[in-house]
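Have a look at the structure below, then the notes.
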Amino acid sequence: MSLFGRAARLSTITSGAIRRRTTTTTSKTTRQCIFYKRYRQLSTKTAKTAASSDSWILELQSHLATTEVEFSVNKYELERHGRGESYHPTETPDVVVCPTSVDDVITIVQFCAKHKIPIVPFGVGTSVEGHVCCLQGGISLDMKNFVNMEIPNMEDDLLPDPIATVGAGVTRNTLNEALRHTGLQFVVDPGADATLGGMVATGASGTTAVQFGTMRENILAVQCVLADGTLVNTGTKALKNSAGYDLLGLLCGSEGTLGVITEITVKLHPIPENVMAAVCVFDSLQDAAQTVTMLKLCNIPLLRCELLDAMSVKAFNQYQEQQPNNTATKREEKPTLFLEFQAPSMTSLEEQVQMTQSICQDYGGSGFDYCSDEEERKALWAARHSLYYASVKLRPGAKGAILTDACVPLSQFASVIQETAQEIEEKGVVAPTFGHAGDGNFHTIIPIGEDDSEEYIETLHEISNNIVLRSLAAGGTCTGEHGVGYGKTKYLEQQYGPGAVHMMRLVKKSLDPHNIMNPGKVIPN
Amino acid sequence: MKVLVGVKRVVDYAVKVRVQNKSVDLNNVKMSLNPFCEIAVEEAVRLKEGKHADEVVAMSIGPKQCTETLRTALAMGCDRAIHVTTDLRTDYMDLQPYAIAKIFEKVAEQEGTDLVLLGKQGIDSDCGQTGPMLAGFLGWPQVTFAANLEAKDGGIQVERETDAGTETINIPSLPAVVTCDLRLNEPRYATLPNIMKAKKKKVDTIAADSFGIDLEAHNEVLEVFEPPQRQEGIMVDDIDQLVDKLKNEAGVLA
């Protein structure tokens, strides 16, 4: 990956070799980013930063000459580090730096604080709100070398704590793979194989949040480096903690704007012995949403609870037909609830499913199907698992999509999702809607075609905007899981009012007075 | 039927192996259950769950840490385990497939085994010899690279994967030796209750040199070295330069 290798090889870097910071544009991104012109104007791409961009990299390399830190200005590496998995245009850093120890991070951060160089910490780039876009260039701090793992040893006679301490660069699949024979797992599953550092930074969540909560509820301790180089250890290994300010809570969801996360201690949970998956079809989204509320009121513990609208099911059916060796049954194109349960015994599991079935039927549910065999469960949930790709395929030629995210109180869930589906239909847009029904959180996937007209794309952004406004009006949030990045900063004041935003600004100012930590994100200007 | 499953403790597949003192450096290196052996254990447990096997015994040859490997096999569902203790290296440096197969022969005979399930190869030595050698010593039929196994009518029907395609082999009656390949199954995750239960399952310990077998290596390892460091690539300015280099330097174009 590294064109110029380790810090020691100073001679190969000349001022001509370093690419000046420019924004990569392709025809696709040009169309998509017409609404983001104003964000590009925010970036301080002045003559001053461009001219000095070369010498500071050399200087930083000299500070790290005795270390194993890698630097790269390879064009493709810069681009890869300038984008996540969203429609936000690529904004490249000036250089990608890969530290190998906490001391490296401290050296780099202190250097950047002194010379006012932006730093954007980078995990694997799976975020979806432009988190890693380097709006002001600077350093993309790739945490890939922070891969230490400390997991429970089940051989000991004394049973270990179900916790694991991992470097920020460890991905969740890597952790779960290492935990395979411990009987424990890390439950937060945002879909992508994100790094744990990134998951803390974005406050990640997933389909198991309905039972286990989000990242917030699954971390016990975080180590990070502040913008002045201070090393901070927050939290403890104990399950509860009332000592001092909740720094863990502050860092979780801070999206790299308050410091560089280097190590995390996470909670683990037992891999369930007995799991059952169930599916039920409803005539309306309202009925399905009411069922979910009722299930919760009846105290039935749901492991997963996902709702797909009719268009999502249609997307799945079409997608499956195109697959070679298709064995999946075509599903009825109506709102469908996908549920999962776990219990220590098969009998309690069956009881839960039976109770669920009768509640579903009370709300007009039909076609209730359930199974416990792992292969069958996978087949039953196939529609939910392949949804992103199925949705993009709904529009032939579409390469990417706008992925919206909103979360409302459960009582408003049905009406908000209903109004969204209505607007989508009225505007004639292709946009399947699905949600973590148990949390009141839903997404729409709006595929964007390469040849889409500007008006069409404007309509798509309008829909996205209306979803947020609708959610805020319902007393919800502009983002349930994906985070703010820089596309949603404009909603924060509307959501919280000036007081909270002022408080956030104060926190940011005191922790990062020079605004070097992921500038342009989270806090509106 | 009684099933004997071979379980090897090897260097973890994700480890970047280094050479030290003319052999692979095993100091402080992460070890785990050989992936192909894990598949064999899973198949054995499935045979038991399908009521074809009444007992599954896991066996491992190696140092005291093999008990961890055996505990994993027990947690996955084996009934009991046999630990053949030795401090000889099992990655081909000391103990080699010939001697290992001889040990398995003795144990299979003692146990009255009907079916021996082994991984197709150890990911440390990559020999793939223990299974076939064992079948030879026992005089039993063998199927290697099993991708599907079905117990029926007192025998087994096995599909084996080759580069040319899949062969179906019928072994009308046991005993037999089968080595397991990747696509045979997906091994289960052991759950905590099973891990706890496994701590109580029986593990018999026998010293490797108590069998009266000559454990000496018949093949001498002459050299162990790391592959040459990959050369760093260079950037070329244009297609002409690329073609020139491919022709004249790399020699891959005429």
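In what follows, chains are A, B, ... by sequence order, proteins preceding strands, each numbered from 1. Scope of the values below: all heavy atoms of this structure, side chains included, with no hydrogens, waters or symmetry mates.
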Shortest non-hydrogen contact between Thr72(B) and His181(A), atoms and distance:
CG2-ND1, 2.9 Å
Work out which heavy atom in Ile271(A) is nearest to a heavy atom in Tyr189(B); give both atom names and the distance.
CD1-CD2, 3.3 Å
Considering residues, nucleotides and ligands other than Tyr370(A), do more than 12 of their heavy atoms fall under 6.0 Å from its OH?
no
In Å and rounded to the nearest 0.5 Å, what is the CD to CG distance from Glu177(A) to Asp12(B)?
8.5 Å
What distance separates Arg71(B) CZ from Met154(A) CE, expressed to the nearest 0.5 Å?
13.0 Å
Would one find more than 12 heavy atoms of other residues, nucleotides or ligands at under 6.0 Å from atom CG of Asp87(B)?
no
Shortest non-hydrogen contact from Arg180(A) toward Arg188(B):
NH2-O, 3.6 Å
Residues of residues 31-70 of chain B contacting chain A, heavy-atom criterion under 4.5 Å, by residue number:
Glu38(B), Glu68(B)
Measure Thr182(A) against the heavy atoms of chain B and call it side chain, backbone, both or neither at under 4.5 Å.
backbone
Is the shortest side-chain heavy-atom distance between Glu273(A) and Leu192(B) below 4.5 Å?
no
Using heavy-atom distances under 4.5 Å, tell me whether Pro344(A) contacts chain B through its side chain, its backbone, both, or neither.
neither
Is Leu179(A) in contact with chain B via its backbone, its side chain, both, or neither, using a 4.5 Å heavy-atom distance?
neither
Greater than 12 external heavy atoms within 6.0 Å of Lys199(B)'s NZ
yes
Crowded around Asn248(B) CG? As in, over 12 foreign heavy atoms under 6.0 Å?
yes
Heavy-atom neighbours of Gln241(B) CD exceed 12 at 6.0 Å
yes
